[in-house]
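The figures here come from the full heavy-atom set of this structure, side chains too, leaving out hydrogens, waters and symmetry mates. Within every chain, numbering begins at 1; the chains are lettered A, B, ... in the order of the sequence lines, protein sequences first and strands thereafter. Since the model is a prediction, treat every value here as computed from it, not as a measurement.
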Amino acid sequence: MSKEKIVLLDGNSLAYRAFFALPLLTNDSGIHTNAIYGFTMMLQNILNEEKPTHMLVAWDAGKTTFRHSTFGEYKGGRQKTPPELSEQFPYMRKLLNAFQITQYELDQYEADDIIGTLSKAGDAKGIEVVVISGDKDLTQLASEHTTVCITRKGITDLEMYTPEHIMEKYGITPPQIIDMKGLMGDASDNIPGVPGVGEKTALKLLKEYGSVEKVYESLDLISGKKLKENLTNNEEQAYMSKKLATIEVEAPITITIDDLQYNGPDDENVKTLYEELKFKTLLEKMSTSDEEDVQIEDINVRIEMDTEILNLSDAMAFHVEMYDENYLASDVSGVSMTDGESIIYIPIEQVKKSAKLKEWFVDESKKKYTSDSKAAYASMLRCGIEVNGFEFDLLLATYIANPSSSYTDVASVAKEFGYSDIESDEAVYGKGAKKKLPEEGILADHAGRKAQAVWKLKSIMEKKLRDNEQFELYRELEMPLAKILGKMESTGVKTDLSILQQIGIELTARLSELESIIFEMAGQSFNINSPKQLGEILFEKIGLTPIKKTKTGYSTAADVLEKLESEHEIIGFILTYRQLGKLNSTYIEGLSKEIHEDGKIHTRFQQALTQTGRLSSINPNLQNIPIRLEEGRKIRSAFVPSEVGWIMYAADYSQIELRVLAHMSQDEKMISAFREDEDIHTKTAMDVFGVDKESVSSDMRRTAKAVNFGIVYGISDYGLSQSLNITRKEAQKFIDTYLATFPGVKQYMEDIVSDAKMKGYVVTMMNRRRYLPEITSSNFNLRSFAERTAMNTPIQGTAADIIKKAMIDMDARLKAEKMEARMLLQVHDELIFEAPEHEIAKLNKIVPEVMESALNLDVPLKVESAFGLSWYETK
DNA sequence: TGAATCACG
DNA sequence: ACGTACGTGATTCAC
């Protein structure tokens with residue numbers, strides 16, 4: 001225990017010091033950052049130099065302190081804190097939060113007193129204490145165990161005051177510093193002292209007599225007429241000055257030394273804050289010097305041709321190296337593997353031939369570490385190898401720790417942890433037209449380094465996730481899901497090209513008709529797809545009134561055109577043209593190109609992308625196939641079962657986000673509405689408009705529905721006014737009435753925002769995190785956006801957690817029931833399956849059951865389902 | 001490459 | 001007063 005070391009910092013003093021030592025820097029969000037930057041530099045320096053086990057930053061509380069009752073003008077005449085500095089204080093506090101350093105302030109007391117009290121407490125226990133400030137007053141605290149460091153020039157240069165140093169420099173003891181202040185005063189604190197007595201005289205007197213009291217006892221002995229006169233006339237003032245300069249060592253603080261334990265920073269939080277503040281050098285420093293336990297070393301990757309003599313360990317990291325990022329289509333080059341000792345690379349031809357490898361990969365008990373296990377699973381499956389026993393996934397671990405970390409390849413993550421010896425995929429393969437397959441030796445080395453990085457990063461990432469209480473989310477939800485998604489992607493959805501083509505023919509015909517009508521009305525031909533040209537025609541040639549502008553010119557977005565529909569008949573045709581044009585280019589032409597040789601479309605689900613925990617779907621996106629308008633919905637008839645005699649089956653959660661909100665907010669009215677299985681929008685209309693069920697008009701229900709949506713999105717009057725086409729005032733009135741009607745929701749929204757401001761992040765029910773550094777921004781727009789996000793993310797994210805859990809349960813259930821039915825797609829609140837006809841009845845029982853019991857909320861989850869011969873018919 | 005638009009939940 | 005609904009991806013145009 002003798003190793004304990006307490007560092008006590010004077011926050012205000014160091015902030016001032018940093019502010020005046022550095023030029024007034026501004027970052028691109030318009031915030032001044034010089035004090036924050038200087039403060040950060042000081043902090044890091046101190047942490048590196050002192051390596052404290054306990055740490056505290058003390059702040060001055062409000063304007064008045066107990067000293068003001070002694071002397072009204074205490075600290076009088078001080079300049080007001082410059083606003084450029086004031087605005088930086090919240091960030092310094094946030095920074096300290098991110099560093100997980102205790103902060104403390106106490107009403108009526110100054111930072112000095114808090115520090116004094118704690119340093120004496122530490123002293124008494126014989127613990128080493130280091131006090132850091134810019135104020136020399138603090139040197140009075142120096143003692144056998146306490147060193148006081150005072151900033152010298154600049155920001156990182158500190159002068160250490162031990163009792164010995166003070167004796168050398170001034171010839172007095174630390175407590176005599178107080179007497180010195182009593183005699184000479186302190187201009188900066190407006191402490192008067194004795195007129196005519198400066199440092200020299202004060203020291204001379206103290207060396208001779210010892211203290212203010214002793215000086216006055218011995219007044220007669222003092223030589224110098226003027227000095228004696230000044231002392232005599234200002235006796236009371238001298239005592240008062242001494243009292244003012246005395247640091248309180250028995251302040252009524254409510255924290256103890258044990259509360260100051262320092263266990264290092266929360267790197268994620270620090271990183272997001274640096275990113276927000278645009279502290280580039282600190283960010284770089286962080287990623288290179290941060291994790292010193294990761295060694296950079298030369299590696300030797302052995303290219304293995306004879307796989308049967310391989311010695312494979314029970315736990316290995318591996319990486320499947322391939323040319324293209326699309327693992328569902330790309331050629332695989334080979335597989336690298338390491339058990340922490342040797343690193344090997346096996347070309348794909350050998351992998352495919354090797355019974356030994358195949359056996360190792362399929363064996364659940366052989367633990368595999370990789371990055372992007374979904375890609376590894378699906379690409380190996382294409383090589384005829386099933387992989388089981390995934391134990392670690394660097395991609396998912398990184399994403400769960402912070403969904404905003406943009407992962408491009410293993411190199412990008414590894415670099416964050418001090419590995420700079422892996423090249424980016426782009427550097428190895430080249431980009432654009434120059435992209436080509438490098439020779440095998442280079443590939444082997446590249447792939448080998450990735451496997452090695454995965455091997456070494458496992459424990460670091462797992463610790464981070466455990467520290468954040470996210471290990472379960474990562475290990476029990478995301479990792480099992482990765483494999484299930486890999487299966488779904490590999491299975492694919494059968495798509496009938498001839499149906500798409502038939503719809504395409506009709507669309508093309510109608511589009512060319514519309515085109516000639518539009519050209520006729522416009523009096524000229526032009527590119528209807530060009531917002532620029534269209535804007536010129538509508539607002540300049542025809543002379544319609546522009547409603548909204550974009551950065552580049554007139555807005556011609558649908559909501560704008562709809563408002564102009566009555567002004568000119570061309571608008572209707574343009575809207576139809578746009579709508580059909582979208583269907584044709586994105587869905588008919590786009591999807592047709594994506595049908596593989598097996599007659600199926602294989603989308604890829606991005607599992608480590610969205611900020612809320614949802615999946616996204618790319619290449620192509622099958623999560624935005626039209627449904628709202630009948631013409632588009634027909635596209636769904638091209639998605640059919642892949643086997644003869646099979647049926648498409650779909651099940652979706654009804655109002656999952658509002659149910660989640662009801663649960664999380666514990667709003668009684670909302671909970672009972674769902675428990676009684678009422679139509680939530682109608683019920684909302686009844687409560688908000690204060691009418692009975694029969695009196696709810698369709699317009700009232702529509703309004704209530706829009707308000708419900710708004711609530712989920714983190715409501716704003718403007719947003720609601722746009723969606724309902726009403727004024728902001730009217731929208732605000734709806735919101736007020738709504739929140740008065742559902743007080744639990746109001747409370748929840750307020751709590752979640754203030755919680756986010758305090759912690760810097762929000763969480764879902766399963767502990768998925770989203771950091772919101774901008775929630776304390778002084779920029780209104782940035783802050784408001786972050787506040788709405790704070791309200792929306794726990795709701796959207798919990799809904800995502802729930803359906804992910806349902807997918808895992810569903811996969812297990814199908815296996816347990818030995819059913820042939822296959823899960824094909826997930827569309828946020830909906831699961832789509834294909835199954836043999838004879839299984840449909842059973843499926844229709846199991847799926848809703850599993851989905852509804854995925855997570856136990858205080859309101860029931862409700863699932864609606866349907867089946868048919870195509871996706872179109874599952875309605 | 002970014003902006004605008006529009007498809008979905 | 002500030003200017004916006006939350007989360008995505010694909011296509012097209014224009015630079």
Inset, instruction - Using a strict cut-off of less than 4.0 Å between a Lys/Arg side-chain nitrogen and an Asp/Glu carboxylate oxygen, indicate whether A:Lys805 and A:Asp801 qualify as a salt bridge. - result: no
Inset, instruction - Only pairs at least two apart or in different chains count here, so list each side chain to side chain donor-acceptor pair (under 3.5 Å) that has a residue in residues 560-574 of chain A. - result: none
Inset, instruction - Classify the nucleic acid contact of A:Thr610 as base, sugar-phosphate or nothing, counting any heavy atom under 4.0 Å across all strands shown. - result: sugar-phosphate
Inset, instruction - State whether A:Phe709 and A:Lys705 meet the cation-pi test: NZ (Lys) or CZ (Arg) under 6.0 Å from the six-membered ring centroid, and within 45° of the perpendicular axis. - result: no
Inset, instruction - Just call it for A:Leu615: base, sugar-phosphate, or nothing, with non-hydrogen atoms closer than 4.0 Å on any strand. - result: nothing
Legend entry - No-H, no-angle donor-acceptor pair, A:Ser723 side chain to C:dA5 base, under 3.5 Å: yes
Inset, instruction - To the nearest Å, give me how far apart CG (A:Leu629) and P (B:dC8) are. - result: 6 Å
Inset, instruction - Looking at every strand, decide which applies to A:Ala706 at a 4.0 Å heavy-atom threshold: base, sugar-phosphate, or nothing. - result: base
Inset, instruction - May I have all residue pairs that pass ring pair (Phe, Tyr, Trp, His ring centres under 6.0 Å) and include part of residues 739-758 of chain A, sequence neighbours excluded? - result: A:Tyr738-A:Phe742
Inset, instruction - Could you measure between the two P atoms, the one in C:dC2 and the one in B:dC6, and give it in whole Å? - result: 27 Å
Legend entry - Selection residues 488-497 of chain A - residue pairs positive for salt bridge (charged side-chain N to carboxylate O under 4.0 Å, His left out), sequence neighbours left out: A:Lys374-A:Glu489
Legend entry - Residue A:Arg578, side-chain atoms from C-beta onward, closest of C:dC6, B:dC6, C:dG7: B:dC6
Legend entry - Reading 5' to 3' through nucleotides 9-15 of chain C, protein heavy-atom contacts under 4.0 Å coded B for base, S for sugar-phosphate only, - for none: BBSSSSS
Legend entry - Those residues that, when tested against A:Asp425, pass salt bridge (Lys or Arg N to Asp or Glu O under 4.0 Å) (two or more places apart): A:Lys450
Inset, instruction - Identify whether any heavy atom of A:Leu583 sits under 4.0 Å from a base atom; if not, whether one sits that close to sugar-phosphate; answer base, sugar-phosphate or nothing. - result: nothing
Inset, instruction - Would you mind checking if A:Glu631 and A:Arg510 are paired as a salt bridge, meaning a charged N to carboxylate O distance below 4.0 Å? - result: yes
Inset, instruction - Classify the side-chain pair A:Arg701/A:Thr682 by whether it contains a donor and acceptor separated by less than 3.5 Å. - result: yes
Legend entry - Close residues, residues 726-735 of chain A, relative to DNA chain C [heavy-atom separation under 4.0 Å]: A:Arg728
Inset, instruction - Would you tell me if any nitrogen or oxygen in the side chain of A:Arg614 comes within less than 4.0 Å of OP1 or OP2 on C:dT8? - result: no
Inset, instruction - Give A:Gln722 one of three labels, base, sugar-phosphate or nothing, depending on what nucleic acid heavy atoms sit under 4.0 Å from its own. - result: nothing
Legend entry - Contact nearer the 5' end of DNA chain C, comparing A:Asp717 with A:His828: A:Asp717
Legend entry - Of residues 551-560 of chain A, the positions that come close to DNA chain B - non-hydrogen atoms, cut-off under 4.0 Å: A:Lys551, A:Thr552, A:Ser555, A:Thr556, A:Ala557, A:Ala558
Legend entry - Interatomic distance, A:Ile795 CD1 vs C:dC6 C1' [rounded to whole Å]: 9 Å
Inset, instruction - May I ask you to say what A:Ser716 touches in the nucleic acid, namely base, sugar-phosphate or nothing, with a heavy-atom cut-off under 4.0 Å? - result: base
Inset, instruction - Using the C1' atom as the reference point in each nucleotide, state the distance between C:dG3 and B:dA7 in Å, no decimals. - result: 26 Å
Inset, instruction - Starting at atom CG of A:Leu658, determine the distance to atom P of C:dC6, rounded to an integer number of angstrom. - result: 17 Å
Legend entry - A:Glu478/A:Arg768 ion pair, N-O < 4.0 Å: yes
Inset, instruction - Would you please enumerate the stems DNA chain C participates in, each stem being three or more consecutive Watson-Crick or G-U wobble pairs with both distances under 3.5 Å? - result: B:1-9 with C:6-14
Inset, instruction - Could you tell me whether the side chains of A:Thr603 and A:Ser617 share a donor-acceptor contact shorter than 3.5 Å? - result: yes
Legend entry - Contacts of type side-chain hydrogen bond (donor to acceptor under 3.5 Å, both in side chains), residue A:His663, not counting sequence neighbours: none
Inset, instruction - Kindly say if A:Thr550 contacts the phosphate of B:dA4, meaning a side-chain N or O under 4.0 Å from OP1 or OP2. - result: yes
Legend entry - Side chain A:Gln796 and base C:dC6 donor-acceptor under 3.5 Å: yes
Inset, instruction - Report which part of the nucleic acid A:Thr789 touches: base, sugar-phosphate, or nothing (heavy-atom distance under 4.0 Å, all strands). - result: sugar-phosphate
Inset, instruction - Using only heavy-atom distances, determine whether the side chains of A:Ser778 and A:Glu87 contain a donor-acceptor pair under 3.5 Å. - result: no
Inset, instruction - For A:Gln611, answer base if it contacts any base atom (sugar-phosphate contacts may also be present), sugar-phosphate if it contacts only those atoms, and nothing otherwise; contact means non-hydrogen atoms under 4.0 Å. - result: sugar-phosphate
Ignoring hydrogens and angles, write down the donor-acceptor pairs under 3.5 Å from the side chains of residues 549-557 of chain A, residues two or more places apart or on other chains.
unit_1, atom_1, unit_2, atom_2, d
A:Thr550, OG1, A:Thr552, N, 3.4
A:Thr550, OG1, A:Thr552, OG1, 3.4
A:Thr550, OG1, A:Gly553, N, 3.2
A:Thr550, OG1, A:Gly553, O, 3.2
A:Tyr554, OH, A:Glu540, OE2, 2.8
A:Ser555, OG, A:Ala557, N, 3.3
A:Thr556, OG1, A:Arg578, NH2, 2.7

Inset, instruction - Describe the nucleic acid contact of A:Val827 in one word from base, sugar-phosphate, nothing, applying a heavy-atom distance below 4.0 Å. - result: sugar-phosphate
Legend entry - Ion pair A:Glu852/A:Arg659, N-O distance below 4.0 Å: no
Legend entry - Partners passing side-chain contact (heavy atoms from CB on, under 4.5 Å) against A:Ala378 (at least two apart in sequence or in another chain): A:Tyr327, A:Leu328, A:Ser490
Legend entry - Interatomic distance, A:Arg636 CZ vs B:dA7 C1' [rounded to whole Å]: 10 Å
Legend entry - P atoms of C:dT4 and B:dA3, separation to the nearest Å: 14 Å
Legend entry - Contacts of type side-chain contact (heavy atoms from CB on, under 4.5 Å), residue A:Phe689, not counting sequence neighbours: A:Ala685, A:Val691, A:Met700, A:Thr703, A:Phe734
Inset, instruction - Rounded to the nearest angstrom, tell me the gap between atom CD in A:Glu562 and atom P in B:dT5. - result: 13 Å
Inset, instruction - Assign A:Arg628 to base, sugar-phosphate, or nothing according to its heavy-atom contacts below 4.0 angstrom with the strands shown. - result: base
